[in-house]
Amino acid sequence: MAGLKRPVLQDGGLKDLNDALHNLHRRAGQPSTRDLARRIGSEVASKSRVYDAFSSDRLPSWGLIQVLAEALCASVPSSDFAAEEQKLHSLWLAATGANRDHSPPSEVPAAQTFPSESNEPLSVLALRIEWARPSDLNVSNRRAVRYIVTEALLDIGYDESGPHRRDMSAGSVISVDARREDPSLTIATVLSSLEDSLARSGVPGGYQGSTLRVLAHLGPYARPAAPDAAAQAVAELNELWRYEHTQRLFDNAQSVCSILAAPLLDLNRYDPFEVDWVHATIPLFRVDRGPQDLGDYKVWVSTCGAPPDGFPPF
């Protein structure tokens with residue numbers, strides 16, 4: 001088929017990105033938008049959204065560019081997807097800077113930072129959202145979590161991409177300023193958005209029946225906080241995630257199972273689901289300077305009915 005329509009763009013980062021994407025499309029044999037949507041999964045992106053990536057004058061999300069590049073490279077003999085991905089990502093970063101603040105790509109921040117809005121200590125809401133069993137899911141469904149997270153970010157008033165978001169193969173980590181609004185409201189909105197996205201997936205029980213796990217942390221809990229409080233809060237979140245005790249608390253009978261830091265759930269004001277919430281604790285240890293008991297991290301855990309045996313008291 002003929003090449004896709006090119007938008008009228010001024011010279012700059014967005015045009016360079018669009019040219020590179022069209023070039024890759026040409027080398028892949030110029031597949032139709034319908035074919036590309038089928039390859040990446042219609043639940044990930046519709047053919048109209050694929051068309052916009054090539055023909056709109058708006059900057060596509062990086063997640064969409066990434067899955068399109070993978071689908072196109074599969075049709076290019078001897079292609080190097082990693083090299084194509086790196087090239088497109090560099091161009092996308094440049095286009096992001098050009099569209100937003102005219103700064104060169106080298107000035108795009110690598111970590112989330114927050115302006116000082118008050119004299120309050122900086123508090124960061126960090127969330128990790130990930131499939132419980134990513135190895136059981138096909139590639140399209142593992143990618144789909146990026147779009148589920150995008151919807152949640154838009155619902156709480158954040159851009160779909162930026163230093164507040166870091167994607168992984170089967171999930172995402174986001175970090176936002178907890179002083180911007182009541183973090184209990186932010187959490188309730190995120191959880192409701194995740195449930196809504198799964199309900200609209202068209203797949204009974206969600207994506208192949210897999211559970212989406214959510215761990216929400218309000219940090220940093222270490223004092224004094226590091227200069228980059230967001231990075232410190234994310235590091236604490238990931239450490240909590242790795243604890244075997246944390247993984248045992250997740251109730252995989254739910255489509256979305258959540259573990260929230262104790263201050264993040266206000267059932268009198270925001271109750272996003274018809275589920276039960278139980279108190280639990282996660283024992284914290286430090287081993288880099290020898291075994292050290294740091295006390296208990298208090299959390300709320302969502303359950304369907306009675307909690308699993310062995311739940312520790314709050």
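Side chains are part of it too, since the values below use all heavy atoms of this structure and drop only hydrogens, waters and symmetry mates.
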*Starting from the C-alpha separation in whole Å, work towards a yes-or-no answer on side chain to side chain contact (heavy atoms under 4.5 Å, CB included) for Glu84 and Leu72.*
CA-CA 10 Å; Glu84 293 285 353; Leu72 290 169; over 6 Å; no
_Can you tell me how far apart CG (Leu91) and CG (Asn18) are? Round to the nearest 0.5 Å._
11.0 Å
_When you compare the side chain of Leu24 with that of Cys73, does any pair of heavy atoms fall below 4.5 Å?_
yes
*Go through the steps for Leu88 and Leu17 under the test side chain to side chain contact (heavy atoms under 4.5 Å, CB included), then give the verdict.*
CA-CA 7 Å; Leu88 288 169; Leu17 173 65; 4.0 Å; yes
*Could you tell me whether the side chain of Ser258 reaches within less than 4.5 Å of the side chain of Trp277, counting heavy atoms only?*
yes
*How about Lys298 and His279: do any of their side-chain heavy atoms sit closer than 4.5 Å?*
no
*Heavy-atom side-chain proximity of Ile174 to Tyr158 below 4.5 angstrom*: no
*How about Trp131 and Leu212: do any of their side-chain heavy atoms sit closer than 4.5 Å?*
yes
*Taking atom types as modelled, is there a side-chain donor on Asn23 or Arg27 under 3.5 Å from an acceptor on the other?*
yes
*asked:* When you compare the side chain of Val145 with that of Glu130, does any pair of heavy atoms fall below 4.5 Å?
replied: no
*asked:* Within this structure, what is the CD1-CG distance for the pair Ile187 and Leu264, rounded to the nearest 0.5 Å?
replied: 5.0 Å
*Check: Asp159 main-chain N/O paired with His164 side-chain donor or acceptor under 3.5 Å*: yes
*Are Phe250 and Met168 linked, directly or through other ILVMFWY residues, by side chains that come within less than 4.5 angstrom of each other?*
yes
*Hey, could you give me the CG/OH distance between Leu36 and Tyr51, rounded to the nearest 0.5 Å?*
13.5 Å
_For the student: nearest non-hydrogen atoms of Gly219 and Glu236, plus distance_ = CA-OE1, 4.1 Å
_Check this for me, if you would: do Arg165 and Asp167 make a salt bridge, where the nitrogen-to-carboxylate-oxygen distance has to be below 4.0 angstrom?_
yes
*Under a 4.5 Å cut-off applied to non-hydrogen side-chain atoms, are Arg146 and Val67 in contact?*
yes
*Please assess Leu194 against Ile148 for the test side chain to side chain contact (heavy atoms under 4.5 Å, CB included), listing each intermediate value before the final yes or no.*
CA-CA 6 Å; Leu194 297 177; Ile148 295 174; 3.4 Å; yes
*Is it possible for you to check whether Arg49 lies under 6.0 Å from the centre of the six-membered ring of Tyr147, through NZ or CZ, and within 45° of that ring's axis?*
no
*Looking only at side chains, do Ser61 and Glu160 share a donor and an acceptor under 3.5 Å apart?*
yes
*Is there a path of hydrophobic side-chain contacts, each under 4.5 Å between heavy atoms of I, L, V, M, F, W or Y residues, that connects Leu154 with Val173?*
no
*Between Trp241 and His217, is any pair of side-chain heavy atoms under 4.5 Å apart?*
no
*Could you pull out the closest heavy-atom pair between Val124 and Ser175, with the gap in Å?*
CG1-CB, 4.0 Å
_Looking at every heavy atom in both Val299 and Leu249, which two are closest together, and how far apart are they?_
CG2-CD1, 4.4 Å
_Thr186 side, atom OG1; Leu218 side, atom CG - distance, nearest 0.5 Å_ = 10.0 Å
*Among all residues two or more places apart in sequence or in another chain, which pass the side chain to side chain contact (heavy atoms under 4.5 Å, CB included) test with Asp35?*
Pro31, Ser32, Arg38, Arg39
*State, without any angle test, whether Gln254 and Ser302 hold a side-chain donor-acceptor pair at a distance under 3.5 Å.*
yes
_Side chain Asp80, main chain Ala82, donor-acceptor under 3.5 Å_ = yes
*side-chain hydrogen bond (donor to acceptor under 3.5 Å, both in side chains) involving Glu70 - partner list, sequence neighbours excluded*: Arg143
*Reported OG-to-CD distance for the pair Ser75 and Gln30, which is rounded to 0.5 angstrom*: 12.0 Å
*Please report the shortest heavy-atom distance between Ser123 and Asp177, naming the atom on each side.*
O-OD1, 3.6 Å
_Around atom CZ of Arg6, are there more than 12 heavy atoms from other residues, nucleotides or ligands closer than 6.0 Å?_
yes
_Value rounded to 0.5 Å, distance of CD1 in Ile259 from CG in Leu265_ = 13.0 Å
*Ser193 side chain to Thr189 main-chain N or O, any donor-acceptor pair under 3.5 Å?*
no
*asked:* Please check: side-chain N/O of His22 versus main-chain N/O of Phe54, any donor-acceptor pairing under 3.5 Å?
replied: yes
*asked:* On a heavy-atom basis, which atom in Leu21 and which in Ile65 lie closest, and how many Å separate them?
replied: CD2-CD1, 3.7 Å
